[in-house]
Every structure is written in structure tokens, then in C-alpha cells.
Peer 1: 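Quick one: the structure is below, and I'll ask about it shortly.
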2 protein chains.
Amino acid sequence: MELAEAKSKFIETWGKLGSEWGINRTMAQVHALLLISPEALTTEEVMEQLSISRGNANMTLRDLISWGLVEKQHKPGERKEYFFAEKDAWTIARQVAQERKKRELDPVLKALSELSQIKGDEKNPEYKAFKSSVSGINKLAGNVNKTLETMMKAEENWFWGSIFKIFK
Amino acid sequence: MELAEAKSKFIETWGKLGSEWGINRTMAQVHALLLISPEALTTEEVMEQLSISRGNANMTLRDLISWGLVEKQHKPGERKEYFFAEKDAWTIARQVAQERKKRELDPVLKALSELSQIKGDEKNPEYKAFKSSVSGINKLAGNVNKTLETMMKAEENWFWGSIFKIFK
DNA sequence: TTAAACTTTCAAATATTATTGAAAGTTTTT
DNA sequence: AAAAACTTTCAATAATATTTGAAAGTTTAA
């Protein structure tokens, strides 16, 4: 396989994965492109390499920055902005986990803990079923939350080391 | 808060969470409805309670069955099919993890390991950057994969117990 | 200050995904 | 064998999400 072919396959794969997990495909593709690029790229280059419009490239790059996955770079004597991606896989995973936790898990956790407070008639099967399902999910979500918080603080080696020590 | 209000809030919350994570909103809502229902429901009841069409209800229920989250039930003397959801949160989590691993992670893992094999000129920065990014992600994905496999086999108490012993 | 270089915005167009509902299919009962 | 009870399919439609591109905005250089 050619390097060029491998690159587009990687961009395609990463884009597909993103879209299956609720991340805009283009955003994942731009991220992939920057991930495998040794140099920071301009908006222009991103547009060309992925055949997307200026507006799309601009918005996507801003999104990636807000996710903490991409940073701007300025080259001395040039006005153009360059963009490059964090390359360390573990840092990327932590960053994504942190953002999604903040944007999506935290609100759900809040709603669940409110819902699991609800009082009612213990004789009512509707109430009992509701209560027990919601509490169960709430407890699980709490565990997921704690694990993510630990992961966000952890070093890669320590994290996987700890996990595998247990799973061996 | 009324039980009825709490129910619709739960259905709404679960639906939103699903859609943010690449699961069809209606599917998550039907799942939520069955989760909090003490009795198995008919297609008819699902249609009414969520105001969705017969076709949609049917397809969604079939999807949920293929995810292993819902099962059919037959009541003696009746021709109608009833549907009920697995209620244990840990089992649900494992089931979802298993399906998504099979449908989405495994193909990516395969693609990544192919891509990380690619040979090229060590002097070429394009090649070096590609290789190192892809290998890093590949390694991480491998760890995620192993953890999911362990999780799929594990009992809830054992799993979280193990994790928290480490993270304490 | 004006022009050039570059970035951002956003309404309109396009593409994708989900939903409907009526017709076709299937199984059971009479 | 025909009707009744129920389930499934899928082309048409609707809803949602993404993308475009030209205009407006901003910053720097002359």
C-alpha cells in the first residue's frame, strides 16, 4: 500500500468512527489529517486536501480547538494561521473523554439523580419499576463518572498498568 | 414531581443521551419506556405512549432485539407479541459494549492494524508522522479492546470492585 | 487611510437520516 | 378456504444535520 493510499484510508476510517459515535464526520477527518501531518497546516491546505469549503474548514477547526484537540500556530513573518493536532493517543483519549463528560454525561447525571429522588407509593408497581430502573442506571453512571475522572488525571502507564494488574 | 412527569423526563433524557452517542433517538426512547415499565408492552402500546407510527415501532423493537436489549414475550392464549427490556443496568452496559465493539470497534481495529504495518522510508517525515500516530492509536485501541473483553465477562461487583481498589 | 491578506459568519442549498402509513405478508381461528 | 388478527416492508415524505460560498469583518502593511 502506498503512503498516500494509507493516509486516505486512515482519514476515512477515523471519519467513520467519529460519525458512529456522534462526532461530525468532517471534524473527525480534519482531525485525522492533522494527526498524521508532520507539519502544521493552513486552512487553505485543509480545504484542498479534504475538498471542503472555506467555511466548513474554518468552523471545523474552531470546533477542534474547542475540544482541545487542535492548536493554532503562528509562523514568524507570516500572517496565516497554522493548525496542528496533539499527537499523543492517550492525551487525545483523555481530552475527548473530558469534553464528552462535561457536555453530555454531566447533564444526564444531574437529571438521573433528580429522577432517582422521586417519592411515591411503594405499593404501586409503576413506581417501583421506575424507581428501581432509574436507581440502577444512576449508580452505574456514577461509577462511570468516577472512572472517567480518574482517567482524566492518570498517566497512561499508570492507568493501563492498574487495569491490567487486576485483569491478568 | 409526578410519576408521569418523571417518566417522560426519563424517556427524554435517555433519548437525548442516545442521540449524542450515535444511537437513534427513538430507539433509545423505546428502550427507556420498556425499562421503566413493570409489564411487557405491545407494539400498539409503544406506538401510543410515544406517538410513533406502527412501522417505526416495529423496526425499532426489532433493532432493540438485535442489540440484545429487548426480548419478545408471548402470553398464553394471546396472539399479540409483548416486549420487555432487560432491567439490570450492568447487563445493559455490557450488552451495548458488546454490540458496539462488534459493529464498530472491531472493524476499526482491523483497519488500524493493517495501516500500522505499512513500510516506507524512515527518512521521510510524512511516513514517520503517519506511522507514529497510527501506531499510538492502534496501541490504545488494543487496550480499550482488551478492557471491553474483560468487562463483557465480568460480574458487576468484581469489575467495579477491582477498579476502585486500584483507584482508591 | 487604503488596500491587501486573511478569518469569520450565516442564510440558503444539499445531503443524510428517520418516520410514516398503507399495502403486502404471515399465522391462527372459524 | 376464507376471514380475522397480527406483523413486516418500503417508497414517499418529513425532519435533521451538514456544507457551501459570498459577503462582512478584522488585522496588518504600505
Side-chain angles (χ1 to χ4, degrees), chain A residues 11-12 14-34 39-67 70-84 100 103-104, chain B residues 11-12 14-34 40-67 69-84 100 103-104:
Chain A
I11 290 168
E12 194 192 328
W14 205 237
K16 184 150 173 264
L17 183 67
S19 69
E20 285 165 344
W21 287 83
I23 285 157
N24 175 321
R25 203 184 74 244
T26 301
M27 182 166 151
Q29 288 181 335
V30 171
H31 183 229
L33 176 64
L34 293 176
E39 301 292 338
L41 302 180
T42 61
T43 302
E44 209 77 27
E45 288 167 319
V46 171
M47 287 166 58
E48 278 167 23
Q49 299 210 36
L50 299 178
S51 309
I52 61 174
S53 71
R54 183 174 302 285
N56 197 4
N58 177 269
M59 281 181 151
T60 298
L61 285 166
R62 281 202 288 117
D63 268 4
L64 284 167
I65 289 171
S66 84
W67 277 70
V70 164
E71 288 178 40
K72 283 189 188 177
Q73 189 176 66
H74 285 282
K75 301 207 173 178
E78 288 202 56
R79 284 191 54 191
K80 274 200 287 277
E81 291 178 329
Y82 286 77
F83 300 89
F84 69 100
R100 298 204 79 154
R103 296 179 191 203
E104 294 147 18
Chain B
I11 290 168
E12 192 192 331
W14 206 237
K16 183 149 175 263
L17 183 67
S19 70
E20 285 166 344
W21 287 84
I23 285 157
N24 175 319
R25 201 184 73 245
T26 301
M27 181 168 151
Q29 287 181 337
V30 171
H31 183 229
L33 176 65
L34 293 176
L41 303 180
T42 62
T43 302
E44 209 78 26
E45 288 167 319
V46 170
M47 288 166 58
E48 278 167 24
Q49 298 210 36
L50 300 178
S51 309
I52 62 175
S53 71
R54 183 173 303 284
N56 196 5
N58 178 268
M59 282 182 150
T60 299
L61 285 165
R62 279 201 291 114
D63 267 5
L64 283 167
I65 290 171
S66 83
W67 277 71
L69 295 172
V70 164
E71 286 177 43
K72 283 187 187 178
Q73 189 175 68
H74 285 281
K75 302 208 173 177
E78 288 202 55
R79 284 191 54 190
K80 275 200 286 273
E81 291 178 328
Y82 287 77
F83 300 89
F84 70 99
R100 298 204 78 154
R103 297 179 190 205
E104 294 147 18

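Remember, predicted model here, so these are calculated numbers, not experimental data. Note that these values count all heavy atoms, side chains included, but never hydrogens, waters or copies made by symmetry.
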Peer 1: Protein-nucleotides 12-19 of chain D N/O pairs closer than 3.5 Å?
Peer 2:
from, atom 1, to, atom 2, distance (Å)
D:dT19, OP1, A:Thr26, OG1, 2.3
D:dT19, OP2, A:Thr26, OG1, 3.0
D:dT19, O5', A:Asn56, ND2, 3.4

Peer 1: Atom CE of A:Met47 to atom C1' of D:dT20: distance rounded to whole Å?
Peer 2: 10 Å
Peer 1: I need the CD-C1' distance between A:Glu44 and C:dT8, as an integer number of Å.
Peer 2: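 After rounding, the reported distance stands at 14 Å.
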Peer 1: Got a sec, which residues hit salt bridge (Lys or Arg N to Asp or Glu O under 4.0 Å) with A:Arg103, two or more places apart in sequence or on another chain?
Peer 2: A:Glu99
Peer 1: Could you tell me which residues satisfy side chain to side chain contact (heavy atoms under 4.5 Å, CB included) with B:Asn24, sequence neighbours excluded, listed by chain and number?
Peer 2: B:Thr26, B:Met27
Peer 1: Has A:Arg62 got its NZ or CZ under 6.0 Å from the middle of the six-membered ring of A:Trp67, at an angle within 45 degrees of the ring axis?
Peer 2: no
Peer 1: So, do B:Thr43 and B:Phe83 sit near enough that their side-chain heavy atoms are less than 4.5 Å apart?
Peer 2: yes
Peer 1: Sequence neighbours left out, what pairs pass salt bridge (charged side-chain N to carboxylate O under 4.0 Å, His left out) with at least one residue falling in residues 39-54 of chain A?
Peer 2: A:Glu44-A:Arg54
Peer 1: Which comes earlier along DNA chain C counting from the 5' end, the contact point of A:Ser19 or that of A:Glu78, where each point is its nearest nucleotide?
Peer 2: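 Mapping each residue to its closest nucleotide by heavy atoms, the 5'-most match is A:Glu78.
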Peer 1: Above 12 or not: heavy atoms from other molecules or residues under 6.0 Å from CZ of A:Arg25?
Peer 2: no
Peer 1: Side-chain N or O of A:Asn58 less than 4.0 angstrom from OP1 or OP2 on C:dT8?
Peer 2: yes
Peer 1: Do any N or O atoms from the side chain of B:Thr60 and from the backbone of B:Ala57 form a donor-acceptor pair under 3.5 angstrom?
Peer 2: no
Peer 1: Could you state the atom-to-atom distance from CD of A:Gln73 to C1' of C:dC6 in whole Å?
Peer 2: 17 Å
Peer 1: Under 3.5 Å, which donor-acceptor pairs link side chains of residues 69-76 of chain B to any protein atom two or more places apart or in another chain?
Peer 2:
from, atom 1, to, atom 2, distance (Å)
B:Lys72, NZ, B:Glu81, OE2, 3.1

Peer 1: Roughly how many Å is it from NZ in B:Lys80 to P in C:dT28, rounded to a whole number?
Peer 2: 15 Å
Peer 1: Can you give me the closest heavy-atom contact between B:Ala32 and B:Trp14, atom names plus distance?
Peer 2: CB-CD1, 3.6 Å
Peer 1: In this structure, how many angstroms lie between the P atom of C:dT7 and the CD atom of A:Glu45, rounded?
Peer 2: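 Result: 11 Å.
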Peer 1: Could you run down the sub-3.5 Å N/O contacts of the protein with nucleotides 22-27 of chain C?
Peer 2:
from, atom 1, to, atom 2, distance (Å)
C:dT27, O2, B:Arg79, NH2, 2.8

Peer 1: Mind calculating the distance between CG (B:Leu61) and C1' (D:dT8) to the nearest angstrom?
Peer 2: 12 Å
Peer 1: Send over the distance from B:Leu50 CG to C:dT19 C1', rounded to a whole Å.
Peer 2: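 Result: 13 Å.
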Peer 1: Tell me the interatomic distance from A:Glu81, atom CD, to D:dT27, atom P, rounded to whole angstroms.
Peer 2: 11 Å
